[in-house]
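Below is one structure, written out as structure tokens, with a few remarks after it.
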Amino acid sequence: MGSEVELRRAIRRRLIEESVNPYPHKPKYSPTPVREVVRSPQVGATVAIAGKILGIRRHGGLIFFDIVDDGVRIQCSVSRGEVGEGLFSFFENYVDLGDIVNVYGTLYYTRKGELTVAVKDLQLLAKALRSPPVKWGHRVLDPEVRYRKRYLDLMTNPHARRVLEVRFRTIEEIRKFMWSKGFIEVETPILQPIYGGAAARPFKTYVWALDAEWYLRISLELYLKRLVVAGFNKVFEIGKNFRNEDIDVEHNPEFTMMESYEAYADYNDVMKLTEELISTVAERVLSTTVVEYPLGKELVKISLSPPFRRFTIAEAFREFAGIDIEGITDDKVKELLARYSISLPGGYDRGRAIVKLFDRLIGREHLIQPTFILDFPQSSSPLAKPHRSKTGYAERFELYIAGMELANAYTELNDPELQAEYFREEEARRAMGDLEAHPFDWDFIEALEYGMPPTGGLGLGIDRLVMVFTGSTSIKEVIPFPMIKPREFQNQDSK
RNA sequence: GGGCCCGUAGCUCAGCCAGGUAGAGCGGCGGGCUUUUAACCCGUAGGUCCCGGGUUCAAAUCCCGGCGGGCCCGCCA
């Protein structure tokens, strides 16, 4: 068959027969990053660059081609008159779209004013057996291919690359910010005998050495608090959480969180930290604190400058739904649950009912600008400390931006007896069929029994923050390799 | 979990409603062209029409089932 791969395999073989290595170990001309070459180009200067050929325009004795190096494009030209028949026909016969090459030449501007490298010598660095599926920057692949073969999307789609650059830069700036505040970065186990710290279904795994069923963590919380117990006053971790739940535009089963814990702080301090973190990181990564986010057909401007709006959950109900959630009877609450067909696994509980109603009625439309929702019902927050002045409530806040929950934070519960009581309540609900109820963690209780200082904790969803930063409406966009169902491997050209 | 839409050449898609020999652009290959940039011009090859069943003289097209994907809804961040 004359398929592309077969034709290119033949070229590879011919190169080897002619003693040209199609995959040399190093470039002959030590390359300068194209990013640096284009920053302050000097006409006539000799440069050596390297990159992937993602465009070729042949004009007989003159060939223009584009190479992309680390996401930056530059045009090169090969002239038969300048390089001679040998190199010119080598390029024509052996070099294809997708190949990675080392170019040595001089800078000039074409008639159309484009900076171009006039090739004097060229070395093949890696022969590509497949050409890129689309031209660089010109067409977007089918969504399935974009996510399934993400490297092709990132190779050919500068926007996709830009989104991930923002992600990686965001993580970098979050680290710097946290370090600057005196937090130290730590690591805690991903494989755990008991999961906890959030309401979610876990992934199970099996540890051969212990002959035991373990879990992938659903949050970072309980181990980070153990470090606070151990005497580390300001810790944070950036890492993956795993939740065995649905995949959609806001959820990927593995996602990245930053969690921080600070001794002697409460949730008011954590609110300040959160505002400062988000605005500072936005300013450093995006050079602005105003982002645009597509909602429906509109691009909505979102300001990430502090202070963020604050509503207690009761105020939010009054303001956005016209409901006096504290004043109404349980019957009325149940009526609302029924009206919006919300079920409560584990039986009716007013607090958790209110949170479910909140998610259903208020979340999406009203919480576009950054908004702290504070003081959640205690029964929905088993790891948070009861409110200092409002009975039945916990000192907890969630941060919403663009209708998405981005952060969750508490004044941490450090009373081991109360924590044990809350765990028992969770266990009871688990027994009644709530798969997301917390399992009882005796080891964690014992740790608290040794004494944990009053502590403020924060969990921040990195993926969603990057969605806000980049105006992405799908979490898949901001994850290098989002979860997608595997397909049977089909590669007819492979042997 | 429920609903809607999609799956055809390497890529993007038309053809499907109204069944009758599989199409375009880009890309590939061959030729031309020394300042183009989604280069251009001429020629040419390239298909498990996602898979499996059914209806029919005849299915890419109609029906049923499955697989994969996207979006919306419900739920967890």
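These values consider heavy atoms only, across backbone and side chains, with no hydrogens, waters or symmetry-generated copies. Just so it is clear: chains get the letters A, B, ... in the order the sequence lines come, proteins before strands, and each one is counted from 1.
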inquiry  = Which nucleotide, if any, forms a Watson-Crick or G-U wobble pair with B/G1, using both distances under 3.5 Å?
reply    = B/C73
request  = Send over the distance from A/Glu245 CD to B/C73 P, rounded to a whole Å.
outcome  = 18 Å
message = It should be established whether A/Lys356 places a side-chain nitrogen or oxygen under 4.0 Å from OP1 or OP2 of nucleotide B/C75.
response = no
message = At less than 3.5 Å, do the side-chain atoms of A/Ser77 and the base atoms of B/U35 form a donor-acceptor pair?
response = no
message = Taking any heavy-atom pair under 4.0 Å as a contact, classify A/Ile63: base, sugar-phosphate, or nothing.
response = nothing
query = If we take the C1' atom in both B/G7 and B/C50, what is their distance in whole Å?
reply = 6 Å
message = Please report the distance separating the P of B/G1 from the corresponding atom of B/C62, rounded so that it comes out in whole Å.
response = 28 Å
query = Just checking A/Leu406: base, sugar-phosphate only, or nothing, at a heavy-atom cut-off of under 4.0 Å?
reply = nothing
task = Check the side chains of A/Tyr422 and A/Glu427 for a donor-acceptor pair under 3.5 angstrom, ignoring hydrogens and angles.
result = no
message = Using only modelled atom types and a 3.5 angstrom limit, is any donor from either the side chain of A/Asp96 or the base of B/G28 paired with an acceptor on the other?
response = no
query = Touch check for A/Arg201, heavy atoms < 4.0 angstrom, all strands: base, sugar-phosphate only, or nothing?
reply = nothing
ask   = Within the modelled atom types, does a donor on one side and an acceptor on the other bring the side chain of A/Arg111 and the base of B/U35 under 3.5 Å apart?
value = no
message = With no hydrogens and no angle check, just 3.5 Å: does a side-chain donor-acceptor pair link A/Tyr223 and A/Glu221?
response = no
message = For a quick check of understanding: with a heavy-atom distance under 4.0 Å over all strands, which category does A/Asn252 fall into, base, sugar-phosphate or nothing?
response = base
task = Please determine, by modelled atom types, if A/Tyr410 and A/Thr455 share a side-chain donor-acceptor pair under 3.5 angstrom.
result = no
inquiry  = Please report the distance separating the P of B/A22 from the corresponding atom of B/G46, rounded so that it comes out in whole Å.
reply    = 14 Å
request  = With heavy atoms under 4.0 Å as the rule, sort A/Glu405 into base, sugar-phosphate or nothing.
outcome  = sugar-phosphate
Nearest-angstrom distance from the residue atom CG of A/Leu7 to C1' of B/G30 = 12 Å
key: Distance, rounded to the nearest Å, where A/Leu62 contributes CG and B/U37 contributes P   = 12 Å
request  = Could you tell me whether the side chains of A/Tyr215 and A/Asn244 share a donor-acceptor contact shorter than 3.5 Å?
outcome  = no
key: Protein-nucleotide distance (A/Leu54, atom CG; B/C26, atom C1'), rounded to Å   = 15 Å
inquiry  = Less than 4.0 angstrom from a charged side-chain N to a carboxylate O is my criterion; do A/Glu275 and A/Arg310 meet it?
reply    = yes
ask   = Can you tell me the Watson-Crick or wobble partner of B/U44, both distances under 3.5 angstrom?
value = B/G28
message = Using 30° and 60° as the class boundaries, would you call the ring planes of A/Phe423 and A/Phe440 parallel, tilted or perpendicular?
response = tilted
key: Whole-Å distance separating the NZ atom of A/Lys149 from the P atom of B/G69   = 14 Å
task = Describe the nucleic acid contact of A/Glu398 in one word from base, sugar-phosphate, nothing, applying a heavy-atom distance below 4.0 Å.
result = nothing
ask   = A/Gly461 near the nucleic acid: base, sugar-phosphate alone, or nothing, with a heavy-atom cut-off under 4.0 Å?
value = nothing
message = Taking the P atom in each of B/C40 and B/C49, what is the distance between them to the nearest angstrom?
response = 31 Å
key: N/O (side chain, A/Arg57) to phosphate O (OP1/OP2, B/U36) under 4.0 Å   = no
inquiry  = Under a 3.5 Å threshold, yes or no: a donor from one side chain and an acceptor from the other, between A/Tyr147 and A/Glu477?
reply    = yes
request  = For nucleotides B/U61 and B/C6, find the distance between their C1' atoms and express it as a whole number of Å.
outcome  = 16 Å
query = Looking at B/U36, does its base get a donor-acceptor pair with the side chain of A/Gln75 below 3.5 Å?
reply = yes
key: Distance, C1' atom - from B/C41 to B/U21, rounded to whole angstrom   = 31 Å
Whole-Å gap separating P (B/C33) and CZ (A/Arg58) = 14 Å
message = When you measure from the side-chain N and O atoms of A/Lys112 to the phosphate of B/U37, is any distance below 4.0 Å, counting only OP1 and OP2?
response = yes
message = Is the phosphate of B/G74 approached by A/Arg360 (side-chain N or O, under 4.0 Å from OP1 or OP2)?
response = yes
query = Base, sugar-phosphate, or nothing for A/Asp359, non-hydrogen atoms under 4.0 angstrom?
reply = sugar-phosphate
inquiry  = Less than 4.0 angstrom between a side-chain N/O of A/Lys476 and OP1 or OP2 of B/G70, yes or no?
reply    = yes
message = If I pick the P atom on B/U48 and the same atom on B/A9, what distance separates them, to the nearest angstrom?
response = 8 Å
query = Reckon A/Arg148 has a side-chain N or O less than 4.0 Å from the OP1 or OP2 of B/G69?
reply = yes
task = State whether a side-chain donor-acceptor pair under 3.5 Å links A/Ser219 with A/Arg243.
result = no
note = To the nearest angstrom, the CD-P distance between A/Glu144 and B/U12 comes to 10 Å
request  = Pick the P atom in B/G74 and in B/G3, then give their distance to the nearest Å.
outcome  = 15 Å
request  = Would you mind reading off the distance between A/Asp248 atom CG and B/G1 atom C1', rounded to a whole angstrom?
outcome  = 13 Å
